[in-house]
Amino acid sequence: MATQVSSIPINATLDRPQSKDVVRALLHAVLFHRLFGTIKPQTIDVLDVTFPGVADPDIEALINSKVEAFWRALDTIPGGNGVTKKGQILIILSEKRQKKNWFSMAEEEVPWEQWIITIEILPPRPQASNYYSSSSTRPTFTKQPPPPTPMDQVLLQILTHVSSLKGRDAVPPITTGGVISPFPLKIEVRIGDQMM
């Protein structure tokens, strides 16, 4: 029986200094809404947005290892820090199903949802400069406002999907209890055509 895998794309363009924290917060936010076991919640504040997170040592170790793998893989892209670098982190949630073979039964993992988080790291920008305002006859010294960050829109996209009918219908029946994730979970890092 073929299953339709629900794919949810998330795009984030980030400045290098806060990129690790933002990627970590994005992974936490997705897993917070998709683990379905008993979790201890936490909050992660990044770029003036509060993300939900999972306070579990195993989940945090998994997230940290994947963020570090993503960062190391980005550093292998030629061009140094002066170029825009792009990669993906995939969160794949599966269910275990019985597969019939000729003379036996086997268990297979069938994906039911895939989050494709595409991250673009911008090259370092020169420091924001001050400029003179021309609104008055006497020049005044004002500070240039920082560019707006779209992290609240990314969090809204996650919330909209998990609370939508499509997002709820994608979840298979939960048959295992007492674990943090009743579904097999994989997090993969992809830079270009290579999986890390």
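Residue numbers run from 1 in the order of the sequence given. Since the structure is predicted, the reported quantities are computational estimates derived from the model, not experimental observations.
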Handout entry: Val54/Leu35 under side-chain contact (heavy atoms from CB on, under 4.5 Å): CA gap, chis, key distance, verdict
Key = CA-CA 9 Å; Val54 179; Leu35 287 179; 3.9 Å; yes
Problem - Derivation of the side-chain contact (heavy atoms from CB on, under 4.5 Å) call for Thr43 and Phe51 - result: CA-CA 6 Å; Thr43 58; Phe51 287 85; over 6 Å; no
Practice task
Test Arg34 against Glu113 for side-chain contact (heavy atoms from CB on, under 4.5 Å), laying out the working first.
Solution key: CA-CA 10 Å; Arg34 284 306 196 216; Glu113 189 168 75; 2.6 Å; yes
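Under the 4.5 Å side-chain heavy-atom criterion for grouping Ile, Leu, Val, Met, Phe, Trp and Tyr, Leu90 is not connected to Leu74 through any hydrophobic cluster. Note: the hydrophobic cluster containing Ile174 also contains Phe32 (ILVMFWY, side chain heavy atoms under 4.5 Å, direct or indirect links). Following chains of ILVMFWY side-chain contacts shorter than 4.5 Å, one can reach Ile89 starting from Leu47, so the two form part of one hydrophobic cluster. Hydrophobic clustering of Ile, Leu, Val, Met, Phe, Trp and Tyr side chains at less than 4.5 Å, counting indirect connections, unites Ile39 with Leu159. In terms of hydrophobic clustering, with Ile, Leu, Val, Met, Phe, Trp and Tyr side chains grouped at heavy-atom distances under 4.5 Å, Ile116 and Ile158 are assigned to different clusters.
Proximity of Phe70 to Gln88: side-chain heavy atoms (C-beta onward) are nowhere separated by under 4.5 Å. The shortest side-chain heavy-atom distance between Val171 and Phe183 falls under the 4.5 Å cut-off. Taking 4.5 Å as the limit, some side-chain heavy atom of Val110 sits within range of a side-chain heavy atom of Glu108. Here the side chains of Leu185 and Ile92 are not in contact, with every heavy-atom distance at 4.5 Å or above. Side-chain contact check for Val83 versus Lys85: some heavy-atom pair is nearer than 4.5 Å. Here the side chains of Pro123 and Thr84 are in contact, with some heavy-atom distance below 4.5 Å. In this structure the side chain of Trp115 never reaches within 4.5 angstrom of the side chain of Leu26, judged on heavy atoms. With a 4.5 Å cut-off on side-chain heavy atoms, Leu14 and Val23 count as touching.
Counting only residues at least two apart or in different chains, salt bridge (Lys or Arg N to Asp or Glu O under 4.0 Å) contacts with residues 36-46 are absent. Annotation: salt bridge (Lys or Arg N to Asp or Glu O under 4.0 Å) contacts involving residues 155-168, sequence neighbours excluded, are absent.
Side chain to side chain, Glu60 and Gln42 meet the donor-acceptor criterion of an N or O pair below 3.5 Å.
Judged purely by atom type and a 3.5 angstrom limit, Ser164 uses its side chain to pair as donor or acceptor with the backbone of His161. A distance-only check finds a donor-acceptor pair linking the side chain of Asp56 to the backbone of Asp58 [under 3.5 Å]. Within the 3.5 Å criterion, the main-chain N or O of Pro9 finds a donor-acceptor partner in the side chain of Gln157. Put simply, the side chain of Lys66 gets close to the backbone of Ile187: a donor and an acceptor are under 3.5 Å apart.
Using cut-offs of 30° and 60° for the angle between ring planes, the Phe36 and Trp112 rings count as tilted.
A salt bridge links Glu95 with Arg97: the closest approach of a Lys/Arg side-chain nitrogen to an acidic carboxylate oxygen falls below 4.0 angstrom. Salt bridge annotation for Arg16-Asp75: present, with a cationic side-chain nitrogen under 4.0 angstrom from a carboxylate oxygen.
Under the rule for a side-chain contact (heavy atoms from CB on, under 4.5 Å), the partners of Asp21 that lie at least two apart in sequence or sit in another chain are Arg24, Val46.
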